[in-house]
S.K.: 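Let me begin by handing over the structure; questions about it come next.
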Amino acid sequence: MYLVRHAQSEFNEFFNRTRVDPGIVDPRITDQGREQARQAAAVLQTMPRIHTLLSSPFTRSLQTASIIAERLGLKVTVEPLVRERGAFICDIGTPRSALERDWPHLDFGDLPEVWWTADAEALTSVSRRAAAFRAKALAMPDSRGTAVISHWGFILALTGRAMENGMVVEFDPSEPGEAEPLG
């Protein structure tokens, strides 16, 4: 399995410079983010056959996943378990009805209209989601061919590893806390 941290968002661009939350709800990726997504797609193209692409429902992840999906010729499957830990204004999502309007080719499954956490999410909560995703990944017939577009906080809870925007790591869901950087 491969984990990809979403490409640079408008939030990341501002916050990394200032360490201040700019108050952007569900930010989009930047021009630099689009380049990072293309680079992540190039890395994934060199891996053994990727057949499944999962993405968090946040816009920055969906945009990153769409760029990767186009390059790899895959469809994106929305996976709410891999969403970001609610901590900043950027972690307020877009309602399902608006996502369906903006992304009509995606299936949002049983995603509720409001699917993000209303308040700061406790670390225990994101850790439970990470454990639930790990169990789901272990139950997949072939998780080795799966790439997951997710977020800093969720990936940290899943692997114990902090990742930069656009970074790709190999992840074995049967090995707790393990993730190997690629490219």
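Note that the structure is predicted; figures quoted are calculated from it, not measured.
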S.K.: For M167, does its backbone N or O pair with a side-chain atom of R5 as donor and acceptor, under 3.5 Å?
M.R.: no
S.K.: Determine, step by step, whether W152 and E84 satisfy the side chain to side chain contact (heavy atoms under 4.5 Å, CB included) criterion, reporting the C-alpha distance in whole Å, the side-chain angles of both residues, the deciding distance to 0.1 Å, and the verdict.
M.R.: CA-CA 7 Å; W152 186 88; E84 181 58 294; 4.1 Å; yes
S.K.: Report the residue from T30, N165, T64 that forms a side-chain hydrogen bond (donor to acceptor under 3.5 Å, both in side chains) with Q8.
M.R.: T30
S.K.: Is it the case that the side chain of R134 and the backbone of P173 share a donor-acceptor pair, with hydrogens and angles ignored and the cut-off at 3.5 Å?
M.R.: yes
S.K.: Grouping I, L, V, M, F, W and Y whenever their side-chain heavy atoms are under 4.5 Å apart, do V126 and F88 come out in a common cluster?
M.R.: no
S.K.: Among V4, V82, L62, which residue satisfies the side chain to side chain contact (heavy atoms under 4.5 Å, CB included) criterion with S55?
M.R.: L62
S.K.: Are L44 and I67 connected into the same hydrophobic cluster when the rule is that any two of I, L, V, M, F, W, Y join if their side-chain heavy atoms are below 4.5 Å apart?
M.R.: no
S.K.: Restricting to pairs with a member in residues 63-81, which pass salt bridge (charged side-chain N to carboxylate O under 4.0 Å, His left out), not counting sequence neighbours?
M.R.: E79-K136
S.K.: Going by heavy atoms in the side chains, are L156 and R161 under 4.5 Å from each other?
M.R.: no
S.K.: Working to the nearest 0.5 angstrom, can you tell me the gap between D172 CG and T159 OG1?
M.R.: 12.5 Å
S.K.: Rounded to the nearest 0.5 Å, what separates atom CG in L72 from atom CZ in R49?
M.R.: 8.0 Å
S.K.: Measuring from I149:CD1 to S61:OG, what's the distance to the nearest 0.5 Å?
M.R.: 7.5 Å
S.K.: Can you find a heavy atom in the side chain of Y2 that is under 4.5 Å from one in the side chain of P48?
M.R.: yes
S.K.: For the residue pair F15 and F11, does the interplanar ring angle fall in the parallel (under 30°), tilted (30 to 60°) or perpendicular (over 60°) class?
M.R.: parallel
S.K.: For D31, check side chain to side chain contact (heavy atoms under 4.5 Å, CB included) against everything at least two apart and list the hits.
M.R.: R34
S.K.: Output all residues satisfying side chain to side chain contact (heavy atoms under 4.5 Å, CB included) with R17, sequence neighbours left out; order by chain, then residue number.
M.R.: E13, F14
S.K.: Sequence neighbours left out, what passes ring-ring contact (aromatic ring centres under 6.0 Å, His included) with F133? Give chain and number order.
M.R.: none
S.K.: How many angstroms lie between CD1 in I50 and CD1 in I68, if you round to the nearest 0.5 Å?
M.R.: 9.5 Å
S.K.: Would you call D91 and T117 a side-chain contact if the rule is heavy atoms closer than 4.5 Å?
M.R.: no
S.K.: Centroid separation under 6.0 Å, is that true for the rings of H6 and F58?
M.R.: no
S.K.: Looking only at atom types and distance, does a side-chain atom of R60 sit under 3.5 Å from a main-chain N or O of I29, one as donor and one as acceptor?
M.R.: no
S.K.: Kindly determine whether M140 and M1 satisfy side chain to side chain contact (heavy atoms under 4.5 Å, CB included), including the steps that lead there.
M.R.: CA-CA 11 Å; M140 290 176 182; M1 176 173 281; 4.0 Å; yes
S.K.: Identify each donor-acceptor pair in which a side-chain atom of residues 106-116 lies under 3.5 Å from a protein atom, sequence neighbours left out, and give them as a table.
M.R.:
residue	atom	partner	partner atom	Å
D107	OD1	G109	N	2.8
E113	OE1	S97	N	3.0
E113	OE2	S97	OG	2.6
W115	NE1	T94	O	2.8

S.K.: Can you tell me how far CD1 of I89 sits from CD1 of I24, rounded to the nearest 0.5 angstrom?
M.R.: 10.5 Å
S.K.: For the side chain of D26 and the backbone of T59, is there at least one donor-acceptor N/O pair under 3.5 Å apart?
M.R.: yes
S.K.: So which heavy atom on V78 is nearest to which on P57, and how close?
M.R.: CG1-CB, 3.9 Å
S.K.: Determine whether S143 and L138 make a side-chain contact, defined as any pair of heavy atoms from C-beta on separated by less than 4.5 Å.
M.R.: no
S.K.: Could you list the residues that satisfy side chain to side chain donor-acceptor pair (under 3.5 Å) with R144, not counting sequence neighbours?
M.R.: D142
S.K.: Take E164 and Q36 through the side chain to side chain contact (heavy atoms under 4.5 Å, CB included) test and state the conclusion after the steps.
M.R.: CA-CA 10 Å; E164 298 296 321; Q36 289 171 338; over 6 Å; no
S.K.: Kindly compute the distance separating CZ (R129) from OG1 (T124), expressed to the nearest 0.5 Å.
M.R.: 11.0 Å
